[in-house]
Amino acid sequence: MELAMHPNSSSAPATTTTTTTTDDDNPTSTTTDFSLPPVTLQKLPHLSDYVPNLTALTNPIDRSTFYHPFPGFYLSPSDVILRHILFDLSFAAAAATGSGRLLAYHRAGPRRTIHFDPAAVRAAIVTCGGLCPGLNTVIRELVVGLWELYGVRQIFGVPSGYRGFYSMEPVKLDPKMVHKWHKRGGTALATSRGGFDLDKIVNAIEQRGFNQLYVIGGDGTMRGAVKIFREIQRRKLNISITGIPKTVDNDIGIIDRSFGFQTAVEMAQEAINAAHVEAESAVNGIGLVKLMGRSTGHIALHATLSSRDVDCCLIPENDFYLEGSGGLFEFLDQRLKQNGHAVIVVAEGAGQEIIPRTDEQKEEKDESGNPVFLDVGPWLKSELKKWWERDHPGELFTVKYIDPTYMIRAVPANATDNLYCTLLAHSAIHGVMAGYTGFVSGPINGNYGYIPIEEVAVAQNVVDTKDHKWAWVRSVTNQPDFLKC
Ligand SMILES: Nc1ncnc2c1ncn2[C@@H]1O[C@H](COP(=O)(O)OP(=O)(O)O)[C@@H](O)[C@H]1O
Ligand SMILES: O=P(O)(O)OC[C@H]1O[C@](O)(COP(=O)(O)O)[C@@H](O)[C@@H]1O
Ligand SMILES: [Mg+2]
């Protein structure tokens, strides 16, 4: 679908004119006229794509005593968010001649017409994968939002992740029950890895009469949700499914960041501070902190940038080596000579290529099929000790290793993440009530949008070691780039 977003048609000549506006004869801004490139709006699946004669009702928010819908309160399909908002004007001019397009997503929010009768809704909420701060807040806000905004009364929690659909009894939820859940870490519904059996899950959904599915989970969960979505479509069921992206590692793409990530980075500071104190208080002291981050180093990177006490940050996206010129040991040698101590932050997925392992260990997977890593923390600690004894025999040296692994994700969400969780939950509810399906809610450039779940399931978010953020880390730590000459 293409939107006419600009007065110039795409066939108009691409002219770029620059003028200067003045205020009291002082130039204040530059106005450039250019043709906005054509916009492609990502199609969002809707139940009406395959369910005939859908119910169409006015939104009950019209009658809410709290909301007074004003013109523009309800969003329509022409309300969009651009995926990329940064581009240079010469690109825009070039794009208008046909060499580029802009991608847009539907904005999240209430719709004037809804396609579910609230009295007939049977909503199911499930949490899958590892923990993340804010899971309980999302559940709470889904329950309260469905109840208060739309008058839904049949809301169920599915225990223990995907396997719970077919192996456990759902738990009836209401606002009173979930009232304090945002203050608790973890997930009150319980979660698990593995157990994804498509037929059993969709059969159970049908048998239980669920017609709205709120699936909270990470990249693996989203891949599972895509399969459920496709099966629901194949069976032509009037069931809407939405994904709410949860990942403490921040490894899901397109969205600005995942909920709980900021809380985790904040928690990591405590471990880094402790490592710093220990290292500073020793002779040739090294503080070593291992942080979560299976295939992405976002937590380590952000924790490093916000701490400023870190001398070296090791992430999965940037291979490192220990010995020789430009290696970790050479760098630490210099740092210890300069400062007498050093702090290293290592993401759990870093260095996996250089830790010796058996063929069996190379194949190891968890129940969800994620690779099981060797523990980089103790390995690095032991390598550091061996190096020092070999190169500096008899000299004092200490490595204090801190592994706060689960502590950074098993806590309740901080205030910012709690707010974020609420907006995510409300966005999901509005989209589902409007009949959208197979989508994920999330912030895109600061505004909440609906993204097709199939796109989210394959979109990764890795640290770009060529961009300014990684350069910033290196400028803060002055660590080597580990590019062997
Ligand atoms: N490719 C896939 N197809 C179907 N289900 C999947 C897939 N990958 C993961 N899952 C299921 O999604 C759930 C969560 O996945 P997992 O990788 O453990 O966590 P996360 O969703 O946090 O990444 C598990 O029940 C797992 O079996
Ligand atoms: O919870 P487990 O099975 O010990 O797994 C730990 C993994 O979970 C995470 O915390 C989050 O991973 P997911 O988002 O895939 O659940 C990873 O950082 C870590 O590698
Ligand atoms: Mg994952």
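Keep in mind that this is a model prediction, so the values were computed, not measured. These values consider heavy atoms only, across backbone and side chains, with no hydrogens, waters or symmetry-generated copies. Numbering of residues begins at 1 and proceeds along the displayed sequence.
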[X] side, atom [atom1]; [Y] side, atom [atom2] - distance, nearest 0.5 Å:
{"X": "Cys313", "Y": "Leu291", "atom1": "SG", "atom2": "CG", "value": "8.5 Å"}
{"X": "Glu231", "Y": "Asp199", "atom1": "CD", "atom2": "CG", "value": "6.0 Å"}
{"X": "Asp251", "Y": "Thr296", "atom1": "CG", "atom2": "OG1", "value": "5.0 Å"}
{"X": "Ser295", "Y": "Gln352", "atom1": "OG", "atom2": "CD", "value": "11.0 Å"}
{"X": "His298", "Y": "Asn461", "atom1": "NE2", "atom2": "CG", "value": "3.5 Å"}
{"X": "Ile228", "Y": "Ile241", "atom1": "CD1", "atom2": "CD1", "value": "4.5 Å"}

Is the backbone N or O of [Y] less than 3.5 Å from a side-chain atom of [X], with the two atoms forming a donor-acceptor pair by type?
{"X": "Tyr420", "Y": "Pro443", "value": "no"}
{"X": "Glu141", "Y": "Ala425", "value": "no"}
{"X": "Ser368", "Y": "Asn370", "value": "no"}
{"X": "Asn59", "Y": "Ile114", "value": "no"}
{"X": "Tyr214", "Y": "Leu142", "value": "no"}
{"X": "Ser307", "Y": "Gln269", "value": "no"}
{"X": "Thr422", "Y": "Val138", "value": "no"}
{"X": "Arg122", "Y": "Ile155", "value": "no"}
{"X": "Asp256", "Y": "Gly446", "value": "yes"}
{"X": "Thr191", "Y": "Thr127", "value": "yes"}

Heavy-atom pair of closest approach, residues [X] and [Y]:
{"X": "Cys128", "Y": "Tyr162", "answer": "SG-N, 3.7 Å"}
{"X": "Gly218", "Y": "Ile252", "answer": "C-CD1, 3.7 Å"}
{"X": "Gly224", "Y": "Phe196", "answer": "O-CZ, 3.4 Å"}
{"X": "Ala264", "Y": "Ile299", "answer": "CB-CD1, 4.5 Å"}

Side chains of [Y] and [X]: any donor to acceptor distance under 3.5 Å?
{"X": "Ser48", "Y": "His46", "value": "yes"}
{"X": "Thr465", "Y": "Asn318", "value": "no"}
{"X": "Thr58", "Y": "Asp62", "value": "no"}
{"X": "Asp117", "Y": "Thr55", "value": "no"}
{"X": "Tyr105", "Y": "Glu455", "value": "yes"}
{"X": "Gln262", "Y": "Asn414", "value": "no"}
{"X": "Asn418", "Y": "Thr137", "value": "yes"}

**Message:** So, using ring-ring contact (aromatic ring centres under 6.0 Å, His included) as the criterion, who are the partners of Phe210 when residues are at least two apart?
**Reply:** Phe156
Do [X] and [Y] come within less than 4.5 Å of each other through their side chains, counting heavy atoms only?
{"X": "Leu419", "Y": "Phe259", "value": "no"}
{"X": "Asn211", "Y": "Ser240", "value": "no"}
{"X": "Arg140", "Y": "His179", "value": "yes"}
{"X": "Pro412", "Y": "Arg184", "value": "no"}
{"X": "Met168", "Y": "Ser160", "value": "yes"}
{"X": "Val310", "Y": "Ile272", "value": "yes"}
{"X": "Val143", "Y": "Ile125", "value": "yes"}
{"X": "Leu305", "Y": "Trp472", "value": "yes"}

So for atom [atom1], which belongs to [X], do other residues, nucleotides or ligands contribute more than 12 heavy atoms lying within a distance under 6.0 Å?
{"X": "Lys172", "atom1": "NZ", "result": "yes"}
{"X": "Lys466", "atom1": "NZ", "result": "no"}
{"X": "Gln460", "atom1": "CD", "result": "no"}
{"X": "Phe73", "atom1": "CZ", "result": "yes"}
{"X": "Arg235", "atom1": "CZ", "result": "yes"}
{"X": "Phe70", "atom1": "CZ", "result": "yes"}

**Request:** Could you name each residue pair satisfying side chain to side chain donor-acceptor pair (under 3.5 Å) that touches residues 426-436, not counting sequence neighbours?
**Result:** Tyr150-His430
**Prompt:** Salt bridge between Asp49 and Lys43, side-chain N to carboxylate O under 4.0 Å?
**Reply:** yes
**Prompt:** Between Arg230, Lys227, Arg223, which is the residue that forms a salt bridge (charged side-chain N to carboxylate O under 4.0 Å, His left out) with Glu454?
**Reply:** Arg230
**Asked** Taking it one step at a time, do His106 and Phe439 satisfy ring-ring contact (aromatic ring centres under 6.0 Å, His included)?
**Response** CA-CA 10 Å; His106 287 276; Phe439 73 94; over 10 Å; no
**Request:** Show your reasoning for whether side chain to side chain contact (heavy atoms under 4.5 Å, CB included) applies to Tyr406 and Met292.
**Result:** CA-CA 8 Å; Tyr406 295 107; Met292 282 199 164; 3.8 Å; yes
**Message:** Determine whether Thr221 and Lys246 satisfy the following criterion, side chain to side chain contact (heavy atoms under 4.5 Å, CB included), listing intermediate values before the conclusion.
**Reply:** CA-CA 9 Å; Thr221 307; Lys246 164 248 47 147; 5.5 Å; no
